[in-house]
Amino acid sequence: MSSLVRIVTVMVLVVVVGGIVALSMWDIPAPTTKIEKVIPDERFQR
C-alpha cells in the first residue's frame with residue numbers, strides 16, 4: 001500500500017511540474033482586438 005501511495009504522489013508531482021513548465025514556456029500572444037469605450041464627461045474632475 002505504501003508503494004502505491006508513493007507512485008501516485010510521484011505521478012501527481014510530475015504532472016504538476018510538467019504543467020508549470022509547459023505554461024512558463026508557452027508563448028501566448030497578446031490580444032490584438034481594438035476596444036473603444038465612451039467615457040462620459042461627468043466622470044472627470046474639473
Side-chain angles (χ1 to χ4, degrees):
M1 186 67 177
S2 174
S3 63
L4 179 64
V5 172
R6 185 176 297 156
I7 291 172
V8 170
T9 304
V10 168
M11 293 293 284
V12 169
L13 187 62
V14 166
V15 168
V16 169
V17 170
I20 291 172
V21 169
L23 285 176
S24 67
M25 300 295 284
W26 187 17
D27 188 25
I28 302 172
T32 57
T33 57
K34 187 175 181 179
I35 299 174
E36 292 185 20
K37 187 173 183 179
V38 177
I39 302 174
D41 288 339
E42 292 81 29
R43 293 191 60 186
F44 297 107
Q45 297 177 357
R46 296 191 186 226

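Values in this document were obtained by computation on a predicted structure and should not be read as measured data.
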* Structure fact -> Residues joined to V5 in its hydrophobic cluster, side chain to side chain under 4.5 Å directly or through other members, sorted by chain and number, are none

Could you pull out every donor-acceptor pair under 3.5 Å between side chains of residues 24-39 and any protein atom, sequence neighbours left out?
unit_1: S24; atom_1: OG; unit_2: I20; atom_2: O; d: 3.3
unit_1: S24; atom_1: OG; unit_2: V21; atom_2: O; d: 2.9

* Under the side-chain contact (heavy atoms from CB on, under 4.5 Å) test, which residues partner V12, sequence neighbours left out? -> V8, V16

